[in-house]
Amino acid sequence: MIHKKVASVSEALNGLSDGMTLMLGGFGLCGIPENCISQMVQLGVKDITCISNNAGVDDFGLGLLLHQHQIKKMISSYVGENDEFERQMLSGELEVDLIPQGTLAERCKAAQSGIPAFYTPAGYGTEVGEGKESREFNGKMHLLEHAFKADFAFVKAWKGDSAGNLIFKGTARNFNACMAGAARITVAEVEELVPVGSLNPDHIHVPGIFVQRIFQGKKYEKRIEQRTVRPRN
Amino acid sequence: MLDKNGIAKRIAQEVKDGYYVNLGIGIPTLVANYVRSDIELEFQSENGVLGMGPFPFEGDEDPDIINAGKQTITTLPGASFFDSATSFSMIRGQHVDLTILGAMEVAENGDIANWKIPGRMVKGMGGAMDLVASAENIIVAMMHTNRAGESKLLKKCALPLTGVNCVKKIVSNLAVLEVINNSFKLLERAPGVSIEEIKNATEGNLIVEGDIPEIKF
């Protein structure tokens with residue numbers, strides 16, 4: 001077994017510096033690496049490029065980094081629900097690259113898999129396709145999209161072990177499972193770090209080979225963005 | 001004329017037994033309320049769930065179980081969770097049978113615009129571009145005209161496009177239309193709406209052939 005466990009979030013972020021490109025898992029506020037984000041706020045690392053499906057809300061998730069002007073560029077598919085984001089984008093303080101969600105996921109997956117580029121029909125004939133190489137396959141036009149290159153990937157899982165194996169819960173798997181192993185260094189934070197041997201190998205979602213550092217997060221707020229319920233009667 | 005629930009109710013008639021269906025945000029979400037109970041189907045949400053159920057009972061909501069609109073949901077027996085790349089494999093790979101989404105504009109050649117109003121609303125396309133580029137069967141739920149009374153069924157979209165030549169069918173508050181041969185072909189009229197009213201509300205080329213029945217529920 002190869003040990004990936006680090007003692008603290010500050011050790012997990014060792015080597016993180018200004019100007020780096022980071023991947024952050026999560027969909028909305030579901031499955032975001034809360035502890036790593038808090039630590040980045042504390043470190044004050046700046047001019048970072050974030051690859052993340054969304055940009056958090058005003059006072060949680062990546063919204064916290066936006067608020068401190070630590071982000072130079074966002075690469076996302078959907079950035080509603082965040083007024084500060086909109087303000088910085090419209091004023092030109094923040095660079096934003098909006099790309100289709102499936103293309104975002106596959107560009108992570110390609111980086112994880114060592115595939116330099118791939119063709120997808122998403123965005124052909126729209127402004128997303130401007131300046132990109134296109135090609136016809138089976139009578140349909142496709143765009144050439146490239147794998148991401150990132151310094152760190154920060155992912156969040158439900159359970160993990162010190163070998164770096166990860167298990168997710170519900171829809172919190174989302175981009176986390178695609179980003180693990182897609183950057184030079186993958187940091188996994190988990191709600192529960194269990195002893196090696198206690199996870200069933202058949203149940204692992206992300207094998208430990210894709211993870212370089214793992215730690216148990218101190219606390220998880222797990223905020224709900226849209227609480228929708230029905231009455232019991 | 002139909003209201004939003006009427007549009008959803010008519011679209012629900014298009015859902016066939018054994019379908020995997022992706023519902024967009026807004027009117028499409030309402031379709032789930034009107035599907036016949038004897039039909040077997042599963043709803044896919046692109047954030048990574050197949051077999052989506054109704055909203056949870058108060059107190060049962062789980063922050064780890066949401067839909068693409070970030071709403072708390074439940075799952076039904078037979079449901080599964082998966083990562084975002086797998087989710088779009090289902091969409092791009094055409095394993096999802098029907099996509100229902102909203103639109104700001106549709107053109108007579110099937111182009112759709114629904115993600116951006118330059119200078120006013122730039123929230124992003126989310127999964128819409130992947131969905132419209134790959135789905136075989138796309139139904140658009142929309143209002144026929146905007147608040148100023150101008151047609152949203154156009155010769156050419158003015159807003160930035162989400163996808164090209166992809167919309168097959170439209171259910172609006174006024175009519176059901178098929179997008180074919182660079183035209184909107186009128187199939188059904190909403191209750192109490194005349195062909196003349198539909199003509200006046202449609203800027204793109206409208207085909208009216210024979211007797212046009214009223215929508216039946």
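Keep in mind the model is a prediction, meaning the values are calculated, not measured. Proteins get letters first, then strands, A, B, ... in listed order; numbering begins at 1 in each.
- The minimum heavy-atom distance linking B:Phe81 with A:Arg173 is given by the pair O-NH2, 3.3 Å.
- Within the 4.5 Å cutoff, side-chain heavy atoms of A:Thr126 are placed close to those of B:Met129.
- Contact of A:Val128 with chain B is made through the side chain alone, with heavy-atom distances under 4.5 Å.
- Summarising the geometry, atom CD belonging to B:Gln71 is positioned 13.0 Å from atom CZ belonging to A:Arg227; distances are rounded to the nearest 0.5 Å.
- Contact annotation: the side chain of B:Phe88 never approaches that of A:Thr120 to less than 4.5 Å [non-hydrogen atoms, C-beta and beyond].
- Within 6.0 Å of atom NZ in A:Lys218, 12 or fewer heavy atoms from other residues, nucleotides or ligands are found, so the atom counts as exposed in its surroundings.
- Residue contact with chain A, scored on non-hydrogen atoms closer than 4.5 Å, is absent for B:Ser80.
- Across all their heavy atoms, A:Cys30 and B:Ile66 have their closest contact at CB-CD1, 3.5 Å.
- A salt bridge does not link B:Asp83 to A:Lys109: none of the charged side-chain nitrogens sits closer than 4.0 Å to a carboxylate oxygen.
- Side-chain atoms of B:Val164 and A:Met141, non-hydrogen and from C-beta on, never get closer than 4.5 Å to each other.
- Within 6.0 Å of CD1 in B:Ile207 there are more than 12 heavy atoms belonging to other residues, nucleotides or ligands.
- With A:Thr171 contributing its side chain and B:Gly48 its backbone, the two residues share no donor-acceptor pair below 3.5 Å.
- Only the backbone of B:Asn67 comes within less than 4.5 Å of a heavy atom of chain A; no side-chain atom from C-beta onward does.
- Closest heavy-atom contact between A:Gly102 and B:Asp130: N-OD2, 2.9 Å.
- Of the listed residues (A:Arg230, A:Glu225, A:Glu86, A:Lys140), the greatest number of heavy-atom pairs within a distance under 4.5 Å of chain B belongs to A:Arg230.
- By number of non-hydrogen pairs under 4.5 angstrom with chain A, the leading residue of B:Ala68, B:Ala133, B:Gly126 is B:Gly126.
- The contact between A:Asn54 and chain B is made entirely by side chain atoms (from C-beta outward), counting heavy-atom distances below 4.5 Å.
- Put simply, the side chain of A:Arg232 never gets that close to the backbone of B:Phe57: no donor and acceptor are under 3.5 Å apart.
- Nearest heavy-atom pair across A:Gln101 and B:Gly127 is NE2-N, 3.5 Å.
- The nearest pair of heavy atoms linking A:Met89 to B:Val122 is CE-O, 3.4 Å.
- Considering CZ of A:Phe27 and OG of B:Ser45, their distance stands at 7.0 Å, rounded to 0.5 Å.
- The distance from atom CG of A:Asn174 to atom OG1 of B:Thr86, rounded to the nearest 0.5 Å, is 11.5 Å.
- Nearest approach of A:Cys178 to B:Ala85, heavy atoms of both residues: SG-N, 3.4 Å.
- Neither the backbone nor the side chain of A:Leu29 comes within less than 4.5 Å of any heavy atom in chain B.
- For the atom pair CG (B:Asp64) and OH (A:Tyr220), the distance works out to 11.0 Å, reported to the nearest 0.5 Å.
- The line from CG of B:Leu161 to OH of A:Tyr124 is 11.5 Å long, rounded to the nearest 0.5 Å.
- For A:Asn138, the CG atom sits in a loose shell: 12 or fewer heavy atoms of surrounding residues, nucleotides or ligands are nearer than 6.0 Å.
- For the set A:Ala122, A:Gly170, A:Ala105, the count of heavy-atom pairs under 4.5 angstrom toward chain B peaks at A:Gly170.
- Separation of atoms NZ (B:Lys123) and OG (A:Ser77) is listed at 13.0 Å; rounding is to 0.5 Å.
- Only the side chain of A:Glu191 comes within contact range of chain B, with at least one heavy atom under 4.5 Å from a heavy atom of that chain.
- Environment of NZ in B:Lys156: sparse, with no more than 12 heavy atoms of neighbouring residues, nucleotides or ligands closer than 6.0 Å.
- Highest contact tally toward chain B, considering only A:Leu98, A:Ile224, A:Thr228, is held by A:Thr228 [criterion: heavy-atom pairs under 4.5 Å].
- With a 4.5 Å cut-off on side-chain heavy atoms, A:Pro121 and B:Arg92 count as touching.
- Heavy atoms from other residues, nucleotides or ligands lying under 6.0 Å from CD of A:Glu136 number more than 12.
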